[in-house]
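Have a look at this one before I ask anything.
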Amino acid sequence: MTATESATAASHRFDSIPLAPPDAILGLTEAFAADTRSEKMNLSVGVYKDASGVTPIMKCVKAAEQKLIETEKTKGYLSIDGLPDYRSDVQKLVFGDRIDAGRIAMVQAPGGTGALRVAGEFLARQCSPTRVFLPNPTWANHNAIMQSAGVNVESYSYLADDRRSLNFEAMLNDLSTKTRPGDAVLLHACCHNPTGVDPTADQWKEIARVVSAQGLIPLLDFAYQGFGDGLEADAVGLHTMLDACAEAIVCSSYSKNFGLYSERVGAVGLVAGTPAAATASLSQLKVIVRSNYSNPPRHGGAIVATVLSDDELTQMWKAELEEMRLRITHLREQFVAGMAKQSGAPDFSFLLKQKGMFSYSGLTAMQADELRTKHGVYVVGSGRINVAGMDEKRMDWLCSVVADVLA
């Protein structure tokens with residue numbers, strides 16, 4: 001073989017790479033954008049939309065950005081663990097004064113996804129041979145993130161057979177019998193994605209008791225604080241777990257409650273038993289960050305820090321967040337009432353008990369496909385709907401087409 005032939009053969013090594021399947025949710029968004037029908041609605045992707053169908057920039061964010069424009073002096077790199085003010089403010093928001101600050105190792109991360117990846121690699125490197133138990137069902141990306149991080153993934157029961165409620169007994173049984181000390185259990189701190197089904201405050205106490213008794217590491221995904229029952233109420237599960245367990249990892253995101261989807265703003269808050277263990281853990285988290293993305297982006301973290309360090313902007317943020325939460329609640333109520341008017345349609349009142357942006361609608365994969373192809377309503381195949389994507393002005397139409405595919 002000549003040198004030219006050898007170079008040509010080498011240049012075609014990528015020809016055998018198979019085409020990866022499209023992401024189940026983002027693929028629907030691409031299909032929605034390509035859909036030319038005027039009557040269509042996207043209830044698949046998990047973003048908040050206002051009454052005009054736009055994912056808005058919050059007023060407090062605009063005000064913070066204006067303040068940053070006037071005062072920001074550098075675009076230099078942040079430290080590996082991120083912006084100090086951001087880490088301090090997020091720590092207060094997530095943990096309050098319930099945990100000694102010396103026991104917390106906090107790093108800024110690129111979104112909740114980045115936070116989960118850092119946490120997963122920490123578990124794989126420092127807590128091996130730990131396994132992480134995920135609820136069934138869970139956010140579609142949880143499994144892929146943990147596996148990519150090198151953690152062995154198992155599952156525990158979560159949703160009942162009716163696909164509308166929590167199978168609490170099966171959940172506790174799995175956590176009691178399938179796990180061993182040192183395993184991690186991923187828990188949605190509030191607004192479970194994709195079902196909207198959350199434990200009650202009393203159920204959280206039982207979950208925390210089992211997690212503590214089994215010697216498990218709680219890994220809490222805290223992506224929707226403020227979208228369920230409010231900022232404080234949505235932290236009840238997290239605080240209950242921290243009261244029972246000396247160690248935990250909290251992965252928080254500010255995409256939703258600050259509307260900073262494209263800025264990728266998240267954090268890892270690791271709670272250790274002692275300040276010395278927290279210091280050592282922080283050093284290992286920084287090693288992981290350094291080898292992944294080196295240091296986090298500045299702008300989104302600076303926005304959050306600016307809002308949370310200013311009393312006026314903080315109050316503005318809380319008011320705007322409450323407005324979004326109440327709008328989602330109203331959309332749920334409006335949809336349930338609209339379906340009740342549809343002749344022969346099933347009772348959808350179970351949706352009123354679910355929390356946050358998402359709900360399991362009970363639609364089958366075939367019905368979801370018919371909604372998309374026949375009516376231009378895009379729903380994930382599992383039947384998960386993004387309530388925040390509904391349009392109150394077109395609710396009667398939405399209810400009529402849902403009733404059509406259910407007939």
Side-chain angles (χ1 to χ4, degrees), residues 20-49 53 55 134-144 155 158-167 188 191-197 224 328 331-392 394-407:
D23 182 270
I25 297 176
L26 298 184
L28 282 175
T29 300
E30 293 171 1
F32 178 82
D35 193 328
T36 58
R37 286 174 287 188
S38 58
E39 289 259 304
K40 61 180 183 177
M41 190 178 295
N42 189 358
L43 304 182
S44 59
V45 68
V47 297
Y48 176 84
K49 294 182 181 179
T55 299
L134 307 179
N136 181 23
T138 193
W139 179 44
N141 212 16
H142 276 151
N143 196 297
S155 67
Y158 192 81
L159 201 63
D161 290 339
D162 62 9
R163 294 171 61 80
R164 300 177 179 182
S165 58
L166 178 66
N167 192 343
H188 297 238
C191 305
H192 183 275
N193 178 6
T195 69
V197 176
Y224 300 96
I328 293 172
L331 287 169
R332 282 183 185 279
E333 295 168 346
Q334 195 177 353
F335 178 75
V336 171
M339 291 305 300
K341 297 176 184 177
Q342 301 295 320
S343 178
D347 181 11
F348 274 86
S349 61
F350 65 90
L351 294 179
L352 300 177
K353 298 179 182 179
Q354 297 173 3
K355 310 287 186 182
M357 292 170 59
F358 302 116
S359 280
Y360 257 20
S361 63
L363 293 168
T364 66
M366 187 176 296
Q367 290 165 340
D369 185 66
E370 185 178 352
L371 262 181
R372 176 179 58 82
T373 56
K374 187 176 179 180
H375 299 293
V377 177
Y378 286 71
V379 175
V380 180
S382 64
R384 186 200 83 170
I385 57 174
N386 174 23
V387 178
M390 293 178 175
D391 182 349
E392 49 262 86
R394 300 169 60 208
M395 192 65 76
D396 289 341
W397 171 79
L398 174 62
C399 292
S400 69
V401 300
V402 171
D404 178 67
V405 302
L406 291 173

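Start at 1 with the first residue, then count along the sequence.
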Exercise. Can you find a pair of side-chain heavy atoms, one from L398 and one from D391, that are under 4.5 Å apart?
Worked result: no

Exercise. Are the side chain of Q334 and the backbone of E392 linked by a donor-acceptor contact shorter than 3.5 Å?
Worked result: yes

For this session: Could you please spell out the steps behind the side-chain contact (heavy atoms from CB on, under 4.5 Å) verdict for Y158 and N167?
Result: CA-CA 5 Å; Y158 192 81; N167 192 343; over 6 Å; no

Exercise. Closest approach of D35 and G376, non-hydrogen atoms and distance?
Worked result: OD2-CA, 4.2 Å

For this session: Side-chain contact test, heavy atoms from C-beta onward, threshold under 4.5 Å: evaluate it for V336 versus F350 and give yes or no.
Result: no

For this session: To the nearest 0.5 angstrom, please state how far the CG atom of L371 sits from the CG atom of D404.
Result: 8.5 Å

Problem set entry | Minimum-distance pair of heavy atoms, taken over all atoms of L43 and V379 | CB-CG2, 4.3 Å

Exercise. Considering only heavy atoms from C-beta outward, does the side chain of L28 approach that of V45 to under 4.5 Å?
Worked result: no

Problem set entry | Under 3.5 Å: donor-acceptor pair, side chain of S359, backbone of S361 | no

For this session: Would you check if there is a donor-acceptor pair between the side chains of N193 and H188 at a distance under 3.5 Å?
Result: no

Problem set entry | Atom pair CZ/OG of R394 and S400 - distance to nearest 0.5 Å | 10.0 Å

Problem set entry | Minimum heavy-atom distance between S382 and R163, given as atom pair plus value | O-NH2, 2.7 Å

Exercise. If you draw a 6.0 Å radius around NZ in K353, do more than 12 non-hydrogen atoms from other residues or ligands fall strictly inside?
Worked result: no

Exercise. So how far is it from Y378 OH to M41 CE, rounded to the nearest 0.5 Å?
Worked result: 13.0 Å

Exercise. Is any side-chain heavy atom of L331 closer than 4.5 Å to a side-chain heavy atom of M390?
Worked result: yes

For this session: For residues V197 and L159, determine if any side-chain heavy atom of one lies less than 4.5 Å from a side-chain heavy atom of the other.
Result: yes

Problem set entry | Chi angles and distances behind the side-chain contact (heavy atoms from CB on, under 4.5 Å) call for S44, F32 | CA-CA 10 Å; S44 59; F32 178 82; over 6 Å; no

Problem set entry | Beyond-backbone contact of M395 with F335, side-chain heavy atoms, under 4.5 angstrom | yes

Exercise. Is a side-chain donor-acceptor pair under 3.5 Å present for Y48 with N386?
Worked result: no

Exercise. Is the closest side-chain heavy-atom distance between T138 and N143 below 4.5 Å?
Worked result: no

Exercise. Does a side-chain heavy-atom distance below 4.5 Å link M357 with C191?
Worked result: no

For this session: Return the minimal non-hydrogen interatomic distance between Q367 and L406, and the atom names on each side.
Result: NE2-CD2, 3.5 Å

Problem set entry | Least distance between heavy atoms, T195 atom then P137 atom | CG2-CG, 3.7 Å

Exercise. Where is the tightest heavy-atom contact between Y360 and Q354, given as atom of each residue plus distance?
Worked result: N-OE1, 3.5 Å

Exercise. Does NZ or CZ of R384 fall inside the cone over F358's six-membered ring, less than 6.0 Å from its centre and within 45° of the axis?
Worked result: yes

Exercise. Considering residues, nucleotides and ligands other than D369, do more than 12 of their heavy atoms fall under 6.0 Å from its CG?
Worked result: yes

Problem set entry | Lys/Arg-Asp/Glu bridge criterion (N-O < 4.0 Å) met for D162, R164 | no

